Amino acid sequence: MAVAQPTPTPGLDCRKAWAETLEGLAATDERIVVVVNDSVGSSNLGGFQTKFPDRTVNVGIAEQNMVGVAAGLANGGRIPFVSAASCFLSARALEQIKADVAYAGFNVKLVGQSSGIAYGELGATHHSIEDFAWIRALGPITLIAPCDAWETAEAVKWAAAHDGPVYLRLSRMKVPTLDLPGRAFTPGKAELQRAGSDVTIIANGTTVHLAMEAAEALAEESVSARVLNMHTITPLDTNAVIAAARETGAIVTVEEALDRGGLGGAVAECTSATYPVPVQRVGFPGFMPTGSIASLFEEFGLSREGIVSAARIAVRRKGA
Amino acid sequence: MTHALKTDNSDALIRDKALWMRQQAMKMVYAKQLGHLGGDFSAIDVLATLYFGVLRYDPARPDWAERDRFVMSKGHATGALYTALCAAGYFPQDWLDTYMEHHSKLNGHPNRQYLPGVETNTGPLGHGFPVAVGIAIAGQINGADYRTYVLTGDGEQQEGSNWEAAMTAGHRKLKNLTLIVDRNRLQQGARTEVTNGLDPLDEKYRAFGWDVVEVDGHDYAQLLDTLGAPLGTRDKPLCVIANTVKGKGVSFMEDQAKWHHGVPNAEQFAQAMKELV
């Protein structure tokens with residue numbers, strides 16, 4: 001069955017882009033169902049539920065069952081999108097994601113909502129900063145963190161059409177839609193956001209626009225920073241990483257996640273095995289205190305200044 | 001060919017198949033000195049009944065959308081599952097000789113990407129039941145007429161994910177779903193009722209919105225009657241508590257926790273094969 005390709009509406013936030021794109025796809029592909037853990041509202045799926053009540057499977061607050069049921073729906077010929085807060089989806093159901101989805105190879109789409117520190121004030125139980133590391137450890141799952149509303153819509157469309165397990169790590173943060181001419185979303189292929197030759201900033205998700213701001217600030221110091229939007233962690237675009245290492249000699253990684261095991265870990269593994277260069281990882285060190293998104297981003301260096309500082313260190317370490 | 005449902009000869013056919021499955025499982029585990037014979041032998045009569053008197057399937061088309069599904073949630077009982085799938089025609093008998101060998105398709109726990117006829121990967125307990133619920137929901141949404149069967153161990157019922165699945169199935173009135181609990185009353189370390197008691201299991205399932213039937217899990221006539229019911233005869237999911245004997249069919253293995261993953265020595269193997277006739 002052909003999969004619809006609805007055009008994303010400009011200026012949508014990521015949650016709207018996710019929900020409206022999925023509704024558009026579901027209108028033309030009846031295999032699509034959603035599986036939720038009492039998360040219709042928090043996933044912005046009220047519209048989907050109204051339009052497709054029989055295709056909204058709400059198992060209640062039961063994440064292990066939610067992922068197992070999704071695998072069974074795939075066995076029965078459906079394309080399930082499991083949508084739940086990323087902290088509960090990735091952690092509570094990790095063995096189901098491992099055994100029932102990744103290892104069994106079912107065509108299940110896992111959608112981690114409100115990832116990272118979107119629930120800043122709610123504390124570390126509700127932060128989802130470990131999800132990159134945990135899901136990345138389960139090889140066969142394509143792991144994507146879109147950076148804006150446009151890319152969120154593209155990733156949802158691609159996931160629906162792709163035959164295999166996918167984890168979409170979405171955010172509820174409002175981020176600017178990046179404006180590039182002729183933009184195309186290709187999973188596993190980094191998007192060059194800005195050319196540069198002295199250092200490469202590799203970011204994904206909510207931090208790409210911060211990386212762009214940092215690159216502009218660095219230009220004022222006559223540091224030429226390349227910016228790569230590494231929306232796909234698995235499979236990693238190793239060619240882009242190696243080219244960045246070879247051509248710019250220093251790398252900064254930025255992610256709204258734990259500073260190990262995720263994007264930074266993947267890049268460091270790649271460079272250490274191929275073309276070792278300094279890699280400075282910007283991310284969170286561990287269980288996070290309570291705070292607003294803005295205050296926590298600021299404190300832990302997910303900011304223009306924090307990324308600039310990491311880039312200066314990376315450049316200084318060249319040849320050291 | 002597509003296997004048909006119960007016939008006048010089902011009882012004798014199932015008896016023959018179950019004996020063959022026990023013999024083959026005993027040989028596989030003896031040869032490899034690895035396996036879970038106790039739980040294989042408690043479940044084999046249920047599996048033989050399903051594959052030779054109940055399920056609608058076609059081994060030449062393992063992906064046939066309208067097939068009845070059987071999910072082996074107690075994935076460690078590969079001696080039962082692999083011999084059943086082999087007997088059902090999903091793969092040739094010489095594959096059984098590779099049981100748990102280096103890179104064998106007959107993994108220590110079943111993998112659907114290695115073997116045709118395996119509906120989902122199991123091994124960690126409490127996984128197959130939620131997947132079976134998902135299969136049944138797909139059937140409900142699709143208006144399909146296939147039936148879904150899932151077998152769990154009784155000790156396995158201690159995993160909380162089963163109760164999440166039971167709640168969903170009861171809530172959604174999944175009349176196309178049958179759960180079979182292999183109630184041999186032994187888990188790896190001790191009796192279930194000593195470890196973390198399950199009784200009254202029937203009342204638990206009734207309270208979760210299920211029909212419940214208790215059967216002798218080694219009585220083919222009872223199993224055929226209970227498991228063979230066509231769609232449309234109930235309006236709830238069905239829990240079949242199959243009272244079984246761990247290690248059934250080999251005198252020294254019966255009702256012994258140590259035969260959960262015990263393996264026979266040469267003398268025990270000879271004795272067992274003498275009894276399995």
Side-chain angles (χ1 to χ4, degrees), chain A residues 1 26 29-38 52-82 84 88 92-110 138-140 163-165, chain B residues 62-71 73 75 107 109-115 118-148 150 152 159-172 174 176-177:
Chain A
M1 185 179 300
D29 189 341
E30 64 177 17
R31 296 172 301 172
I32 292 174
V33 296
V34 298
V35 189
V36 293
N37 59 340
D38 191 23
F52 312 106
D54 295 343
R55 289 153 64 185
T56 304
V57 179
N58 190 347
V59 299
I61 306 163
E63 289 76 23
Q64 299 179 69
N65 188 38
M66 172 175 67
V67 174
V69 162
L73 285 161
N75 176 302
R78 293 278 163 174
I79 301 174
F81 278 73
V82 179
F88 307 133
R92 194 61 167 264
L94 188 59
E95 193 184 72
Q96 278 72 21
I97 295 174
K98 171 189 170 187
D100 307 349
V101 177
Y103 183 52
F106 276 118
N107 187 24
V108 171
K109 319 303 168 185
L110 303 161
L138 304 175
D163 184 13
Chain B
D63 293 331
W64 179 34
E66 296 306 313
R67 71 192 182 280
D68 288 334
R69 269 74 162 176
F70 171 67
V71 174
S73 198
N107 198 20
H109 294 91
N111 183 318
R112 64 185 280 268
Q113 302 192 94
Y114 298 173
L115 266 193
V118 174
E119 293 292 350
T120 189
N121 297 18
T122 51
L125 298 175
H127 281 248
F129 189 4
V131 174
V133 168
I135 296 171
I137 294 173
Q140 186 184 52
I141 296 173
N142 298 350
D145 69 351
Y146 65 74
R147 298 166 299 171
T148 304
V150 53
T152 74
E159 287 281 6
S161 53
N162 292 302
W163 298 98
E164 296 182 0
M167 205 184 300
T168 298
H171 176 77
R172 298 183 71 98
L174 295 176
N176 54 358
L177 177 67

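Lettering of chains follows the sequences in order, A, B, ..., and the numbering in each one begins at 1. These values consider heavy atoms only, across backbone and side chains, with no hydrogens, waters or symmetry-generated copies. Note that this is a predicted model, so its numbers are computed, not measured.
Distance check: B:Glu66 CD to B:Asp145 CG gives 5.5 Å after rounding to the nearest 0.5 Å.
Under the ring pair (Phe, Tyr, Trp, His ring centres under 6.0 Å) criterion, A:Phe88 pairs with A:His126, not counting sequence neighbours. In this structure B:Arg67 satisfies the side-chain contact (heavy atoms from CB on, under 4.5 Å) test together with A:Asn75, B:Trp64, B:Arg69, B:Glu119, sequence neighbours excluded.
Taking all atoms of both residues into account, the shortest heavy-atom contact from A:Ile97 to A:Val67 is N-CG1, 4.0 Å. Here the closest heavy-atom approach between residue B:Val131 and residue A:Ala71 is recorded as CG2-CB, 4.1 Å.
Interface remark: B:Tyr146 contributes side-chain atoms only to the contact with chain A (heavy atom separation under 4.5 Å). Contact annotation for A:Ala70: neither backbone nor side-chain heavy atoms come within less than 4.5 Å of a heavy atom of chain B. Looking at B:Ala165, the atoms closer than 4.5 Å to chain A (heavy atoms on both sides) sit in the backbone and in the side chain alike.
For chain A, the option among B:Asn111, B:Val133, B:Asn162, B:Thr148 with the highest count of heavy-atom pairs below 4.5 Å is B:Asn111. Ranking A:Asp54, A:Ile61, A:Val57 against chain B, the residue ahead of the rest is A:Val57, based on heavy-atom pairs under 4.5 Å.
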